[in-house]
Chemist: 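A single structure is presented below for examination.
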Protein chains: 2
Amino acid sequence: MNKEFHQLENNIAGEGFLPGLAVDTVIFGFHDNQLKVLLLAYKNTGLYALPGGFIHDNEDVNEAARRVLQSRTALTNIYLEQFYVFGNYSRYDPGPLKAIMQARGYNPPADHWLLKRFISVGYYALVDFTRAIPTPDEISDSCDWYSLNELPALMQDHQQIINKALETLQNELDQKLIGFNLMTEEFTMGDLQSLYETILNKKLIRAAFQRKMLGLGILERVAKKWTGGAHKAPYLYKFVSNRLPADNS
Amino acid sequence: MNKEFHQLENNIAGEGFLPGLAVDTVIFGFHDNQLKVLLLAYKNTGLYALPGGFIHDNEDVNEAARRVLQSRTALTNIYLEQFYVFGNYSRYDPGPLKAIMQARGYNPPADHWLLKRFISVGYYALVDFTRAIPTPDEISDSCDWYSLNELPALMQDHQQIINKALETLQNELDQKLIGFNLMTEEFTMGDLQSLYETILNKKLIRAAFQRKMLGLGILERVAKKWTGGAHKAPYLYKFVSNRLPADNS
DNA sequence: CCTTATTGTATCAATTTGTTACAATAATAA
DNA sequence: TTATTATTGTAACAAATTGATACAATAAGG
């Protein structure tokens, strides 16, 4: 969804957009030792949904996802990757979009392009929670972070999309060095370990974790962090370079 | 492409199909210690292409890929997975399909659905070379195996699709236990090691490889194989169960 | 029955990972 | 000032995994 929903709505044939194809983006953040995802609440409908959008007919699909990500977070240069195409016929359900349009006082014709079957390309993004500026679109009441373990009821198969995104993140966390994208600029080793433990949903051994992370040679010690606690102050670390995937679609 | 290409061709608006979306399948096989992919040669055009097809408007996308795989190999119950969506605008090139239709004596109107921009969902399949029956479709001269290192010039971005499929296979070979899908029913440890070495493009240590494979507990010794060579006969192994991914799209 | 090439596996070394321990050190209180 | 406390950084060792080498077992063929 972008800010010009009335344009999509009145554009009954969907001119200028790829028909039947959308992107949905699972935007992960990390805060208060919890994994969060960004969700939109649709006006009057009680429905929650992933940030998604349609693809301009002269736009790269990956670019469309990046545009969606940017319009909901005001962030650029973010870790963003495809993870799955949701293309089962059983997910075809024009109900939600119809309800949204009707709640706006618009009664779409039966052959309206937005009511046709859509295939969705799933993306996941890893963002710095503190830098994202959640921004609702024209048809949503809110754009907010929700903890993964207390999500509201979601539109269509968006819960499954989130589940699969998390699975992918868990699998790719070790191989690719992508966890850092969820951290703030500076962080302690404890912060980082907490992130890993939350994503992987298991305890890690402190000494081994620290040894491994330092061994990667991608962390730089910046300063010490005096928290006020009655104990040795931890170092603050900085990630030396962003890990963004190459786009070779 | 299916056997009824004239139906696609005369169906100018693409009724019954999802517009602008296709599947392309990189079908891997292993023979003579070489990785092979199945390619189609299009009539009169000198173009080679991956087996691909369109999606019925009431069909799961994954099912469409499975249908394509089955129609080109006569195989069912095959390891088949999505690996990437190729959706860059720059890949839009109606030339090849136009050439194919014209070579058939059909001059398509400019707004023919097959000449519009297509997004392609990439799949890769791992098949037993000896069981596949390469089957051309109506518009191709041949359907044949080609060694990965001596591929003919390919249509559009199909070479890139193959490259990315191979990358994915290399990355997933260790984690998931999928290499066995490329073997014949019975194989020696040497055969299996040769497969791994070919896919990963590096030498492996014989003793360690054997120890690891046996340690997985998924191989069963069937018999010995007397090759006629002047040396100890290797065991023949069988894979205990097919490794097919769950379909949760 | 001796030679030859290859297989299956044992053995030990090297590396990586798991575990425990302990010194270093900020705050606080005696 | 000096103990006390909690947490961090890292050393030290154990356990597990992987790399490398060696060697016995064994099908052919002479």
Side-chain angles (χ1 to χ4, degrees), chain A residues 32-33 170-177 179-180 183-240, chain B residues 32-33 170-177 179-180 183-240:
Chain A
D32 284 341
N33 288 337
Q170 289 171 336
N171 288 332
E172 299 192 341
L173 187 60
D174 292 320
Q175 314 162 49
K176 311 175 182 181
L177 300 168
F180 305 96
M183 294 272 91
T184 49
E185 173 105 20
E186 299 182 356
F187 50 88
T188 66
M189 196 56 74
D191 295 336
L192 191 60
Q193 183 175 343
S194 162
L195 170 68
Y196 270 70
E197 290 181 340
T198 304
I199 293 175
L200 300 176
N201 196 30
K202 67 174 180 188
K203 285 265 162 243
L204 300 174
I205 299 145
R206 191 176 62 89
F209 182 81
Q210 179 139 345
R211 180 175 52 196
K212 182 157 206 171
M213 287 298 143
L214 292 179
L216 293 173
I218 54 175
L219 292 183
E220 190 189 346
R221 275 185 185 160
V222 180
K224 289 198 172 191
K225 184 187 182 187
W226 290 273
T227 58
H231 52 76
K232 185 173 177 179
Y235 287 104
L236 282 169
Y237 295 91
K238 224 169 100 176
F239 187 46
V240 293
Chain B
D32 283 342
N33 287 337
Q170 288 171 337
N171 288 332
E172 299 193 341
L173 186 61
D174 292 320
Q175 317 163 46
K176 312 177 183 180
L177 300 168
F180 305 96
M183 294 272 91
T184 50
E185 173 105 18
E186 301 183 354
F187 50 88
T188 67
M189 195 56 75
D191 294 336
L192 191 60
Q193 183 175 344
S194 162
L195 170 68
Y196 270 70
E197 290 181 341
T198 304
I199 293 176
L200 300 174
N201 196 28
K202 67 173 178 187
K203 284 266 161 242
L204 299 174
I205 299 146
R206 192 176 61 90
F209 182 80
Q210 178 139 344
R211 180 175 54 198
K212 183 158 206 170
M213 287 297 144
L214 292 179
L216 294 173
I218 54 176
L219 291 184
E220 191 189 343
R221 273 184 187 162
V222 180
K224 290 200 171 189
K225 184 186 180 187
W226 288 274
T227 59
H231 52 76
K232 185 173 176 179
Y235 287 103
L236 281 169
Y237 294 91
K238 225 168 101 177
F239 186 46
V240 293

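Side chains included, hydrogens not; waters and symmetry mates left out as well; all remaining heavy atoms used.
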Chemist: Expressed as a whole number of angstroms, how long is the span from Asp174(A):CG to dT17(C):C1'?
Modeler: 13 Å
Chemist: In whole angstroms, how far is the P atom of dT19(C) from the CG atom of Leu204(A)?
Modeler: 11 Å
Chemist: Identify the two heavy atoms, one from Ser194(B) and one from Asn33(B), that lie closest to each other, and give their separation to 0.1 Å.
Modeler: OG-OD1, 2.6 Å
Chemist: How long is the line joining CG of Leu216(A) and P of dT16(C), in whole Å?
Modeler: 12 Å
Chemist: Starting at atom CZ of Phe209(A), determine the distance to atom C1' of dT19(C), rounded to an integer number of angstrom.
Modeler: 17 Å
Chemist: All N/O contacts under 3.5 Å from nucleotides 10-13 of chain D to the protein, with atom names and distances to one decimal?
Modeler:
unit_1  : atom_1 : unit_2    : atom_2 : d
dT10(D) : OP2    : Arg221(A) : NH2    : 2.9

Chemist: Check salt bridge (charged side-chain N to carboxylate O under 4.0 Å, His left out) between Lys176(B) and all other residues, then give those that pass, not counting sequence neighbours.
Modeler: Glu81(B), Glu172(B)
Chemist: Would you mind reading off the distance between Ile205(A) atom CD1 and dA16(D) atom C1', rounded to a whole angstrom?
Modeler: 12 Å
Chemist: Counting side-chain heavy atoms from C-beta on, which of dA27(D), dT18(D), dT7(D) comes nearest to Lys232(A)?
Modeler: dT7(D)
Chemist: Atom CG of Leu192(A) to atom C1' of dT8(D): distance rounded to whole Å?
Modeler: 15 Å
Chemist: For the pair Phe239(B) and Phe180(B), name the ring-plane relationship: parallel under 30°, tilted 30 to 60°, perpendicular over 60°.
Modeler: parallel
Chemist: Does Glu185(B) CD have over 12 foreign heavy atoms under 6.0 Å away?
Modeler: no
Chemist: Does any N or O in the side chain of Glu197(A) come within less than 3.5 Å of the main-chain N or O of Leu204(A), such that one atom is a donor and the other an acceptor?
Modeler: yes
Chemist: For the pair made of CG in Asp191(A) and P in dG9(D), what is the distance, rounded to whole Å?
Modeler: 11 Å
Chemist: With nearest nucleotide decided by heavy atoms, which residue, Ala233(A) or Ala208(A), maps closer to the 5′ end of DNA chain C?
Modeler: Ala208(A)
Chemist: Among dG18(C), dT17(C), dA20(D), which nucleotide has an atom closest to any side-chain atom of Lys212(A)?
Modeler: dT17(C)
Chemist: For Leu236(A) and dT7(D), give me the distance from atom CG to atom P, rounded to whole Å.
Modeler: 17 Å
Chemist: Please give me the minimum heavy-atom distance between Arg221(A) and Leu214(A), naming the atom from each residue.
Modeler: NH2-CD1, 4.1 Å
Chemist: Whether the Asp191(A) and Thr188(A) side chains hold a donor-acceptor pair (N or O, under 3.5 Å, no angle test) is what I'd like checked.
Modeler: yes
